[in-house]
Amino acid sequence: MIARTTGSGSRALARLRRRASQGMLAGALAALAQAAAAAPAPCKLALLELPVKMVGVRAIATVGINGKEVPLVVDSGAFFSFLTESAAAQLNLSLHPLPFGMNVMGLTGRVKARATTVDSLELLKGKVPDVEFVVGGNEDVPGTMGLMGRNLLSFTDTEYDLAHGMIRFVFPKGDCGDTNMAYWAGDMPVVELALHRDRSERTPAIRATIEVNGRKTSALFDTGASTALSLSAAHRAGVKDADMTPDGRIAGAGTRTANAWIAPVDKVDFGGEAINHNKLAVADFEMEDADMLVGIDFFLSHRIYVSKRQSRMYFTYNGGPVFALNKGENADIAAADAAASAATAMTADAYARRGAASQSRHDFAGALADLDRACALEPANAVFLATRARLHLEMKAIDKAFADLDAALHLDPGLGEARMTRAVMRETAGQRAAALADLAVLERTLAPQSDLRRGVASLYGEMNLPAMAIAQWDQWLPTHRNDIGRASALNSRCWMRVEMGTELDKALDDCDDAIDADSKNASFLDSRAWVYLRQGKFRKSLDDFDDALKIDPGSAYSLYGRGQVHLALGHAQAGEADLAAARRRQPEVDAHARLDGLPTAPSQAASGPVPPSGPAP
């Protein structure tokens with residue numbers, strides 16, 4: 001994610017930052033800062049550590065807010081720390097408007113946001129009173145509740161050691177003006193990059209000039225993003241449109257999406273560290289101050305020190321692919337860390353964090369070795385078992401994943417993500433009753449606003465239990481009004497009512513809202529076409545099926561529905577043609593339609609037109 005402010009709210013933002021930074025300098029941080037100011041030469045470093053855990057391609061840090069644990073995505077690209085709308089509701093926080101004139105912009109457009117003040121933030125073993133958060137943005141990582149932005153990440157020097165699951169806040173003491181700050185490097189090569197810094201910024205972004213195919217390019221180093229080059233920068237670097245492969249669309253903090261591609265890039269040079277023969281994501285975004293996002297893949301493959309005083313960053317290479325889309329061997333990662341581990345005793349938690357980071361880099365052998373060590377050292381730690389279960393699942397070791405999930409949930413029945421994963425696995429394995437038992441526990445125990453309810457609703461839909469799915473969407477949707485997945489959720493609730501053949505006016509409202517958000521989505525148009533078919537509004541249904549099939553000509557369900565509409569309108573030849581095409585593309589389309597509770601087509605046009613449908617039998 002990249003989020004920044006625009007408009008005339010800079011003074012108010014300064015107030016928010018000032019309040020946050022004053023809080024962060026309380027207690028232990030104040031003592032360290034005072035020691036740093038008074039200390040004589042030579043240069044020495046005092047460190048405070050913040051453990052983080054990789055979940056997929058996101059780094060997660062857990063803080064305390066008003067006495068409750070809150071997992072946040074570590075996001076060096078976000079100007080401020082965010083809570084999601086659903087998190088604010090779960091924490092019973094009161095919201096107020098952003099300061100007058102302040103707008104929040106994401107990579108793909110404006111972010112609808114408000115603000116809140118939390119009474120107590122627990123971070124780095126200390127408590128900070130009255131801390132401001134922005135409320136808004138998307139929830140792209142299940143189980144998280146917001147973002148940790150630069151007001152918390154950049155109040156002092158920051159070291160990103162994500163491959164080992166750690167962020168360190170560093171307070172230099174003494175004369176460190178010309179010191180190489182990569183204190184861990186030893187004989188390893190250290191790369192230095194000068195940072196673009198506005199001295200008026202208290203918590204500046206990590207921004208530097210790099211070279212892409214020999215062209216100078218402004219890069220934003222963003223732990224909350226995946227590496228991506230802007231389309232205009234790719235063109236300037238000599239990348240041809242013909243060489244780019246379409247790769248769907250990307251989303252950011254805003255409410256829109258942008259076209260994306262994968263493109264070959266010959267060389268990316270970070271101040272002397274050159275990476276050749278790359279595949280990079282290219283996206284149609286524009287930022288005022290950067291042409292490239294250097295994302296979490298770079299942070300995992302490097303250990304990075306960001307010096308505020310020097311306006312420089314220092315980094316060393318950990319091994320493995322620098323960019324996620326590049327192919328590469330990971331053996332050197334395990335070898336380097338094995339040597340480090342031999343020299344330093346590691347805790348079970350350190351093994352677990354490093355294992356999760358290795359899993360994010362697809363170093364499955366290294367990840368499994370570390371997670372096995374963590375589980376052996378603390379066999380009653382349910383979180384370690386659940387983490388290893390995700391790894392087993394990714395490695396297709398289904399029986400081992402089941403065993404770890406069973407053990408984890410026996411130790412801690414409240415692990416919602418683990419229970420959701422087991423429910424999906426049980427349904428996939430044909431264990432319907434067991435899957436429903438897990439879903440019933442989640443229904444009882446999850447907060448109404450929990451993002452996991454999205455998963456519960458989706459699984460009920462796949463299980464052809466539309467009424468139960470609707471009940472979950474009814475709880476999820478009210479507090480996810482600005483979520484990037486809202487349109488898909490509305491479409492899903494619309495479709496559940498289509499399957500049931502009930503509350504079709506409500507279904508139409510949901511489908512209308514989904515199409516308003518994305519009028520080029522063939523699935524949304526198809527769903528509304530089926531609503532109109534159910535209502536007997538055949539002309540409107542035909543228009544939507546036509547539009548859906550222009551976008552996705554091979555959709556068997558759209559052809560099947562349009563065939564029925566043609567028959568209802570007396571277009572026998574067109575109806576037969578569509579039904580035949582649908583059955584060629586999906587021979588079981590009639591059976592699937594019956595299973596979904598949909599109107600089914602006659603095998604011959606002579607059977608007559610299809611009447612409007614009431615509730616499915």
Side-chain angles (χ1 to χ4, degrees), residues 1-6 10 13-14 17 21 59 73-82 104-108 147-160 162 167 170 181-182 190-213 215-234 236-237 252-254 265 268-273 275 280-283 285-315 322-323:
M1 170 183 173
I2 165 73
R4 55 186 173 82
T5 56
T6 64
S10 57
L13 175 59
R17 283 178 167 156
S21 61
V73 176
V74 175
D75 193 340
S76 63
F79 77 98
F80 212 76
S81 296
F82 282 64
V104 180
M105 299 299 295
L107 183 67
T108 53
L147 305 173
M148 178 180 288
R150 292 198 303 273
N151 64 311
L152 299 182
L153 290 170
S154 301
F155 60 90
T156 186
D157 289 6
T158 312
E159 179 195 340
Y160 294 91
L162 298 188
I167 290 174
V170 188
M181 304 304 284
V190 177
V191 180
E192 298 181 30
L193 277 179
L195 298 176
H196 305 166
R197 289 292 170 95
D198 181 344
R199 294 292 183 179
S200 66
E201 288 189 272
R202 295 179 62 89
T203 56
I206 311 171
R207 190 177 296 109
T209 297
I210 64 174
E211 291 187 0
V212 179
N213 288 349
R215 294 296 301 266
K216 291 187 181 300
T217 302
S218 179
L220 176 68
F221 292 77
D222 185 355
T223 59
S226 299
T227 294
L229 189 64
S230 74
L231 181 61
S232 58
R236 288 195 299 272
V265 175
V268 181
D269 192 321
F270 294 93
E273 179 184 274
I275 301 95
L280 292 182
V282 174
F285 66 84
E286 294 290 340
M287 292 188 292
E288 293 179 0
D289 44 16
D291 293 314
M292 182 175 180
L293 296 175
V294 179
I296 191 71
D297 43 3
F298 184 89
F299 281 82
L300 283 167
S301 58
H302 294 83
R303 186 166 174 176
I304 299 167
Y305 188 105
V306 180
S307 171
K308 290 188 71 173
R309 186 183 304 178
Q310 297 182 6
S311 293
R312 301 186 71 80
M313 65 185 294
Y314 298 82
F315 53 88
V322 172
F323 301 126

Trainee: To check you understand the geometry: which heavy-atom pair defines the closest contact between Asp222 and Ser76, and what is its length?
Mentor: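 It is CA-OG, 3.3 Å.
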Trainee: Among Asp75, Leu153, Thr223, find the residue that satisfies the side-chain contact (heavy atoms from CB on, under 4.5 Å) test when tested with Met148.
Mentor: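 It is Leu153; the other options fail the test.
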Trainee: Between Met287 and Leu293, is any pair of side-chain heavy atoms under 4.5 Å apart?
Mentor: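 SC-SC contact between Met287 and Leu293 confirmed.
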Trainee: What residues form a side chain to side chain donor-acceptor pair (under 3.5 Å) with Tyr160, not counting sequence neighbours?
Mentor: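 With neighbours one apart ignored, the set is empty.
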Trainee: Listed by chain and number, what are the salt bridge (Lys or Arg N to Asp or Glu O under 4.0 Å) partners of Glu192, not counting sequence neighbours?
Mentor: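 Glu192 satisfies salt bridge (Lys or Arg N to Asp or Glu O under 4.0 Å) with Arg312 only.
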Trainee: Determine, step by step, whether Val306 and Phe221 satisfy the side chain to side chain contact (heavy atoms under 4.5 Å, CB included) criterion, reporting the C-alpha distance in whole Å, the side-chain angles of both residues, the deciding distance to 0.1 Å, and the verdict.
Mentor: CA-CA 11 Å; Val306 180; Phe221 292 77; over 6 Å; no
Trainee: Which residues pass the side chain to side chain contact (heavy atoms under 4.5 Å, CB included) test with Thr156, sequence neighbours left out?
Mentor: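 Thr156: side chain to side chain contact (heavy atoms under 4.5 Å, CB included) contacts with Phe169, Phe171.
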Trainee: Does Val322 form a side chain to side chain contact (heavy atoms under 4.5 Å, CB included) with His302? I'd like the steps, not just the answer.
Mentor: CA-CA 8 Å; Val322 172; His302 294 83; 3.8 Å; yes
Trainee: Looking only at non-hydrogen atoms, find the nearest pair between Ala59 and Leu162 and report the distance.
Mentor: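 Scanning both residues completely, I find the closest heavy atoms to be CB-CD1, 4.2 Å.
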Trainee: Step by step, would you call Leu280 with Met292 a side chain to side chain contact (heavy atoms under 4.5 Å, CB included)?
Mentor: CA-CA 10 Å; Leu280 292 182; Met292 182 175 180; 4.1 Å; yes
Trainee: Rounded to the nearest 0.5 Å, what separates atom CZ in Arg215 from atom CG in Asp269?
Mentor: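 It is 15.0 Å, given to the nearest 0.5 Å.
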Trainee: Holding to side chain to side chain donor-acceptor pair (under 3.5 Å), I want the full list of residues that pass it with Ser81, two or more places apart in sequence or in another chain.
Mentor: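 Ser81: side chain to side chain donor-acceptor pair (under 3.5 Å) contacts with Asn151.
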Trainee: May I ask you to decide if Pro204's main-chain N or O and Lys308's side chain share a donor-acceptor pair within less than 3.5 Å?
Mentor: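 The answer is no, because no donor-acceptor pair under 3.5 Å joins these two groups.
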Trainee: How close do Val294 and Ala219 get, counting heavy atoms only, and between which atoms?
Mentor: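 Heavy-atom minimum between the residues: CG2-CB, 3.8 Å.
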Trainee: Taking all heavy atoms of Leu220 and all of Ala205, pick out the closest pair and write down the distance.
Mentor: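 Of all heavy-atom pairs spanning Leu220 and Ala205, the closest is CD1-CB, 3.7 Å.
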Trainee: For Phe270, enumerate each residue passing the ring pair (Phe, Tyr, Trp, His ring centres under 6.0 Å) test, keeping only those at least two apart in sequence or located in another chain.
Mentor: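 Counting only residues at least two positions away or on another chain, Phe270 forms a ring pair (Phe, Tyr, Trp, His ring centres under 6.0 Å) with Phe298.
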Trainee: Only counting residues at least two apart or in another chain, list the ones meeting salt bridge (Lys or Arg N to Asp or Glu O under 4.0 Å) with Arg236.
Mentor: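 With sequence neighbours excluded, Arg236 shows a salt bridge (Lys or Arg N to Asp or Glu O under 4.0 Å) to Asp291, given in chain and number order.
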Trainee: Got a donor-acceptor contact below 3.5 angstrom from the Arg197 side chain to the Ile206 backbone?
Mentor: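 Judged by distance alone, no pair lies under 3.5 Å.
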Trainee: Quick one: are Leu193 and Ile210 in side-chain contact, heavy atoms under 4.5 Å?
Mentor: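 The answer is yes, as the side chains (C-beta and beyond) meet within the 4.5 Å cut-off.
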Trainee: Applying side chain to side chain donor-acceptor pair (under 3.5 Å), name anything that partners Ser230, two or more places apart in sequence or on another chain.
Mentor: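 Ser230: side chain to side chain donor-acceptor pair (under 3.5 Å) contacts with Ser232.
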Trainee: Got a donor-acceptor contact below 3.5 angstrom from the Arg150 side chain to the Phe80 backbone?
Mentor: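 It does not hold such a pair.
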Trainee: Determine the minimum heavy-atom distance between Gly295 and Thr227, stating which atoms define it.
Mentor: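 Minimum heavy-atom contact is N-OG1, 2.9 Å.
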Trainee: Please check this pair: side chain of Ser307 against backbone of Tyr305, looking for a donor-acceptor N/O pair closer than 3.5 Å.
Mentor: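 Not at all, since once roles are kept as given, no pair shorter than 3.5 Å links the two residues.
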Trainee: Just do the side chain to side chain contact (heavy atoms under 4.5 Å, CB included) check on Thr158 and Ile304 with the steps written out, would you?
Mentor: CA-CA 8 Å; Thr158 312; Ile304 299 167; over 6 Å; no
Trainee: Residues two or more places apart in sequence or in another chain: which of them pass side chain to side chain contact (heavy atoms under 4.5 Å, CB included) with Asn213?
Mentor: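 For Asn213 the side chain to side chain contact (heavy atoms under 4.5 Å, CB included) partners, ignoring immediate neighbours, are Ala237, Val239, Val265, Asp266, Lys267.
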Trainee: Taking all atoms of both residues into account, what is the closest heavy-atom pair of Val191 and Gly271, and its distance?
Mentor: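 For Val191 and Gly271, the tightest heavy-atom pair comes out as CG1-O, 3.8 Å.
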